[in-house]
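Just so we're on the same page: letters track the sequence lines, and every chain starts at 1. For clarity, every value in this text was computed on a predicted model and none was experimentally measured. When reading the values below, keep in mind they use all heavy atoms of this one structure, side chains included, and skip hydrogens, waters and symmetry mates.
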2 protein chains.
Amino acid sequence: MADELVRDFLLGFIKLHILYHARKEPIFGQEFKKELKRHGYDISFGTLYPVFHKLERNGYLKVEEKNVRGKIRKYYSITRKGVNALKHSKAKAKELFDELFET
Amino acid sequence: MADELVRDFLLGFIKLHILYHARKEPIFGQEFKKELKRHGYDISFGTLYPVFHKLERNGYLKVEEKNVRGKIRKYYSITRKGVNALKHSKAKAKELFDELFET
DNA sequence: CATGCCGTTATCGGAAAGCGATAATATGAA
DNA sequence: TTCATATTATCGCTTTCCGATAACGGCATG
């Protein structure tokens, strides 16, 4: 019923989500999409890849190609700038978010 | 530095923020914009009004015009559907959000 | 080596959203 | 009746969303 609201939230949230995961370990498109789907969120590659590209272009992620069983994967991992941005964004987002749960 | 990430988050978050405030008391555009600004977020009317309109069109908000000191204001308050949507969306958003703060 | 396979990434085109600038509206005051 | 002002609405351009489709790249097989 409120699914459009949840989706809008996810779309704004997705970059933080990506940085969070890319901080823990390198991630790549196909796997990340499946991980989202496991949690019930379906994001198309037409949305996802451009987000990765932009995060890389802006220096939050760095990419490394790897040949895995004969196929090229692009593993994205977080940069120092990305770590700082994530930390800062988390703090700001938390401020906004906490207000929602005030009494 | 990571302001674009925070802004993207805000844009996805804004509807929940609006519903939250419209649940506490009726809100109108100018005041709501100022309230955001006090918290450091600058959202243009070109963004804000269409969001209000869509939330109303979709039944999450209802609007009532009031003449205040000779000027027409459109006060938005939450509907029953909006309350349910807010509750549901908060829960889903919290799931996503909490993961960010896992150890 | 040529060909096909397939996991993976990339892009296209139309629709929707974001947004600064500008216009429109409505009312009270002068 | 005109003016000032608070408020809402819209325009046109840019960017994002996204399903569909294409492209890539290396391996296996003959």
Side-chain angles (χ1 to χ4, degrees), chain A residues 2-19 21-22 25-37 40-58 60-77 96, chain B residues 3-19 21-22 25-37 40-58 60-77:
Chain A
D3 293 339
E4 72 191 284
L5 301 183
V6 175
R7 164 152 279 260
D8 282 350
F9 179 82
L10 177 65
L11 285 174
F13 186 76
I14 193 75
K15 289 176 185 169
L16 298 188
H17 200 71
I18 289 172
L19 290 182
H21 278 282
E25 65 199 334
I27 59 178
F28 66 101
Q30 294 279 354
E31 179 193 57
F32 188 77
K33 184 176 192 294
K34 279 183 199 152
E35 201 262 334
L36 281 174
K37 187 130 191 189
Y41 302 103
D42 216 338
I43 295 265
S44 131
F45 286 122
T47 302
L48 198 54
Y49 281 123
V51 173
F52 276 114
H53 298 165
K54 191 173 181 193
L55 286 173
E56 190 209 350
R57 186 167 4 108
N58 293 0
Y60 301 117
L61 293 179
K62 57 179 179 286
V63 65
E64 185 186 9
E65 301 198 358
K66 267 194 182 170
N67 182 330
V68 179
R69 288 190 297 279
K71 298 295 174 297
I72 298 291
R73 283 185 190 166
K74 299 201 171 172
Y75 277 99
Y76 290 91
S77 50
L96 285 168
Chain B
D3 292 339
E4 72 191 284
L5 302 183
V6 176
R7 163 153 281 260
D8 282 350
F9 179 81
L10 177 66
L11 284 174
F13 187 76
I14 193 74
K15 288 175 184 169
L16 297 189
H17 200 72
I18 288 172
L19 290 182
H21 278 282
E25 65 199 333
I27 59 179
F28 66 101
Q30 294 279 353
E31 178 194 56
F32 188 77
K33 185 175 191 294
K34 278 183 199 153
E35 200 262 336
L36 281 174
K37 187 132 192 187
Y41 301 104
D42 217 338
I43 296 265
S44 130
F45 286 122
T47 302
L48 198 54
Y49 282 123
V51 172
F52 275 115
H53 298 164
K54 191 174 181 193
L55 286 173
E56 190 209 350
R57 187 167 3 109
N58 293 0
Y60 301 117
L61 293 179
K62 57 178 180 288
V63 64
E64 184 186 9
E65 301 197 359
K66 268 195 181 168
N67 183 329
V68 179
R69 287 191 298 280
K71 298 297 173 296
I72 298 290
R73 283 185 191 167
K74 298 200 172 173
Y75 277 100
Y76 290 91
S77 50

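Here the side chain of A:Lys74 is nearest to one of D:dT7, C:dT8, C:dT9, namely C:dT9.
Across the protein-nucleic acid pair, A:Ile27 atom CD1 and C:dT9 atom P stand 11 Å apart, rounded to whole Å. The distance between atom CD1 of B:Ile18 and atom P of C:dG18, rounded to the nearest whole Å, is 10 Å. One atom, NE2 of B:His53, and another, C1' of C:dA17, lie 15 Å apart when rounded to the nearest Å. Rounded to an integer number of Å, the gap from B:Tyr49 OH to C:dA21 P is 17 Å. Residue B:Phe13 contributes atom CZ, which lies 15 Å from atom P of C:dG18 at whole-angstrom precision. Rounding to whole angstrom units, NZ of residue B:Lys37 and C1' of C:dC19 are separated by 14 Å. Look at CG on B:Leu48: it is 14 Å from C1' on C:dG20, rounded to the nearest Å. Distance, A:Phe32 CZ to C:dT9 C1': 16 Å, rounded to whole Å.
Using a 4.5 Å cut-off on side-chain heavy atoms (C-beta onward), A:Tyr76 and A:Phe32 make no contact. For the pair B:Arg73 and B:Glu31, the minimum side-chain heavy-atom distance is 4.5 Å or more. When side chains are defined from C-beta on, A:Asp8 does not count as touching B:Leu11, because their heavy atoms never get closer than 4.5 Å.
Counting non-hydrogen atoms under 4.0 angstrom, B:Phe28 reaches the backbone sugars and phosphates but no base.
The CG atom of A:Leu10 lies 10.0 Å from the CG atom of A:Asp42; values are rounded to the nearest 0.5 Å.
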Take nucleotides 15-28 of chain D nucleotide by nucleotide from the 5' end and write B, S or -, depending on whether a protein heavy atom sits under 4.0 Å from the base, only from the sugar-phosphate, or from neither.
-> -SSBB-----BBS-

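The two residues A:Pro50 and A:Phe45 make their nearest non-hydrogen contact at CD-O, 3.6 Å.
Between A:Phe13 and A:Phe9, the ring planes lie parallel to each other; the angle is under 30°, not in the 30° to 60° tilted range.
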